[in-house]
2 protein chains.
Amino acid sequence: MLEVLYTYFERSFPLTEGDKSLIQSVVLMRSLKRSEFLVRQGEVARHGAFVTKGILRSYVIDNRGREHIIQFAPENWWISDKNGMSEGTPSSFFIDAVEDSDIILIDMKGHETLLEKLKGYAESFRAGIQRRAIAKDHRIVSSLTASAEERYVDFLETYPSIAQRVPQHMLASYLGITPETVSRIRKQASLKK
Amino acid sequence: MLEVLYTYFERSFPLTEGDKSLIQSVVLMRSLKRSEFLVRQGEVARHGAFVTKGILRSYVIDNRGREHIIQFAPENWWISDKNGMSEGTPSSFFIDAVEDSDIILIDMKGHETLLEKLKGYAESFRAGIQRRAIAKDHRIVSSLTASAEERYVDFLETYPSIAQRVPQHMLASYLGITPETVSRIRKQASLKK
DNA sequence: TTTCGTTCTTGATCTACATCAATGGGTACG
DNA sequence: CGTACCCATTGATGTAGATCAAGAACGAAA
């Protein structure tokens with residue numbers, strides 16, 4: 001499992017054997033069954049999870065009891081309980097597995113160790129944060145102004161692999177539309193061709 | 001003007017006189033008239049701006065020619081062309097002044113200098129990034145699911161000072177609704193009281 | 001003062017999407 | 001094997017908010 005993480009890092013910067021040992025010393029490995037929780041409301045574990053197999057999702061439940069998916073994390077993605085809306089809001093924050101998944105956990109302390117000792121990590125981390133901020137701005141604008149169909153098509157183009165692996169009602173939840181509407185959009189799209 | 005920035009930092013960590021000189025050596029000060037641009041499409045200046053007086057806004061123009069405001073930045077806020085959607089998208093990214101404003105500019109190199117030499121800056125910067133990520137998640141969920149009225153009320157509660165200083169059509173643009181709808185919401189709200 | 005630009009208001013219509021409700025298919029489990 | 005549960009589909013209806021259109025209020029410029 002660790003190999004997947006090494007390879008991920010090596011796309012940004014080279015790793016020595018020593019680096020690999022360092023990484024190994026600050027992470028934990030874990031498996032999750034489908035629909036098993038990594039983070040439940042309240043237990044703010046303050047760590048990041050890197051997915052090596054499967055897909056996780058983070059979501060909130062608003063005060064009307066509805067689920068809203070914040071993020072999907074398939075292989076080679078990070079997902080974290082530090083982001084999300086764990087603060088202030090009356091809603092609850094969850095992370096669970098969409099499929100059976102394998103993940104690598106790193107806590108705040110381990111993260112700081114890598115920031116300090118692993119050359120290239122800090123820069124790679126910063127770039128990741130930035131990429132994500134841009135993606136969020138994109139999603140904000142798109143959710144404020146694009147039609148349901150446009151958002152659906154946009155998602156398919158941006159994350160084709162995720163779209164195929166996730167149940168449609170979750171996709172609907174991510175896009176902020178109802179499952180019925182997703183179904184109708186798909187039907188129309190298939191008729192057009 | 002620099003005093004405002006010093007005070008801002010000192011809410012997070014103390015500054016020596018030497019720190020202040022260091023800061024002064026890496027920033028630039030500038031004034032903007034109402035509706036004057038800080039960043040126009042294309043000229044990606046790659047720096048951050050700290051507002052000491054006035055309000056700036058960042059926005060994109062989508063392929064249908066509509067403006068969408070990403071962020072307002074009043075006094076004591078940062079605004080940056082590094083975030084935003086300057087990447088990949090066919091839309092254009094702008095920053096301009098809503099009111100006559102004074103700002104302090106810092107470029108990437110200056111930022112790195114402070115990260116390295118100004119104790120407390122890195123942590124404060126990281127915390128800011130995180131706060132903003134949380135705010136963005138909040139805005140995403142809210143734009144996907146809350147009604148126009150709920151989003152309006154939410155904005156008033158979250159940013160009362162901004163709401164009073166910004167023209168309503170900009171507020172509408174930020175919220176992703178039409179100016180007409182904002183007007184009707186306000187009317188209804190006033191009738192309820 | 002008049003003129004002009006900007007912002008806000010109000011009304012009439014239209015439409016995308018939610019909601020409600022029923023049905024059918026797939027898969028797990030007794 | 002049938003029963004049950006989850007998920008996707010399809011139709012009928014309702015509604016929030018966009019769009020179109022026409023003023024009204026305000027300040028700035030001359």
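Sequence lines set the chain letters: A, B, ... in the order given, protein chains first and strands last, and positions in each chain run from 1.
- Taking the centre and axis of the six-membered ring of Tyr174(A), the NZ or CZ atom of Arg139(A) falls inside the cone set by 45° and 6.0 Å.
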**OP:** Determine, for nucleotides 12-30 of chain D in 5'-to-3' order, which nucleotides have protein heavy atoms under 4.0 Å from the base (write B), from only the sugar-phosphate (write S), or from neither (write -).
**Re:** B----SSBB----------

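- Remark: aromatic rings of Tyr121(A) and Phe13(A) are distant, center separation not under 6.0 Å.
- The hydrophobic cluster containing Ile177(A) also contains Tyr59(A), counting ILVMFWY residues as joined when their side-chain heavy atoms lie under 4.5 angstrom apart, directly or transitively.
- Scanning residues 153-175 of chain B for heavy-atom distances under 4.0 Å to DNA chain D yields an empty list.
- Considering only heavy atoms from C-beta on, Phe72(B) stays 4.5 Å or farther from Leu171(B) through its side chain.
- The list of salt bridge (charged side-chain N to carboxylate O under 4.0 Å, His left out) pairs with a residue in residues 162-177 of chain B, not counting sequence neighbours, reads Glu75(B)-Arg165(B), Glu99(B)-Arg165(B).
- A rotation axis mapping the C1' atoms of four pairs onto the next four is fitted at both ends of the helix from dT1(C)-dA30(D) to dG30(C)-dC1(D) over five pairs, and the angle between these axes is 30° to 10 degrees.
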**OP:** Apply side-chain contact (heavy atoms from CB on, under 4.5 Å) to Ile95(A) and Ile79(A), showing your working.
**Re:** CA-CA 9 Å; Ile95(A) 297 179; Ile79(A) 192 165; 4.3 Å; yes

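- If you walk DNA chain C from 5' to 3' and mark each nucleotide with an atom closer than 4.0 Å to a heavy atom of chain B, the marks span dT7(C) to dA12(C).
- Residue Leu114(B) forms a side chain to side chain contact (heavy atoms under 4.5 Å, CB included) with just one option from Asp19(B), Val27(B), Val26(B), and that option is Val26(B).
- Applying the salt bridge (Lys or Arg N to Asp or Glu O under 4.0 Å) rule to Glu67(A) yields the partners Arg57(A); only residues at least two apart in sequence or on another chain are considered.
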**OP:** Apply side-chain contact (heavy atoms from CB on, under 4.5 Å) to Met29(A) and Leu105(A), showing your working.
**Re:** CA-CA 6 Å; Met29(A) 295 195 274; Leu105(A) 297 170; over 6 Å; no

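- Side chain to side chain, Ser31(B) and Asp102(B) meet the donor-acceptor criterion of an N or O pair below 3.5 Å.
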**OP:** Start with the C-alpha gap between Glu112(B) and Lys109(B), add the side-chain angles, then the distance that decides, and say whether salt bridge (Lys or Arg N to Asp or Glu O under 4.0 Å) holds.
**Re:** CA-CA 5 Å; Glu112(B) 273 159 13; Lys109(B) 210 177 133 212; over 6 Å; no

**OP:** Tell me, with the steps shown, if Glu150(A) and Ser147(A) meet side chain to side chain donor-acceptor pair (under 3.5 Å).
**Re:** CA-CA 5 Å; Glu150(A) 288 167 329; Ser147(A) 70; 3.3 Å; yes

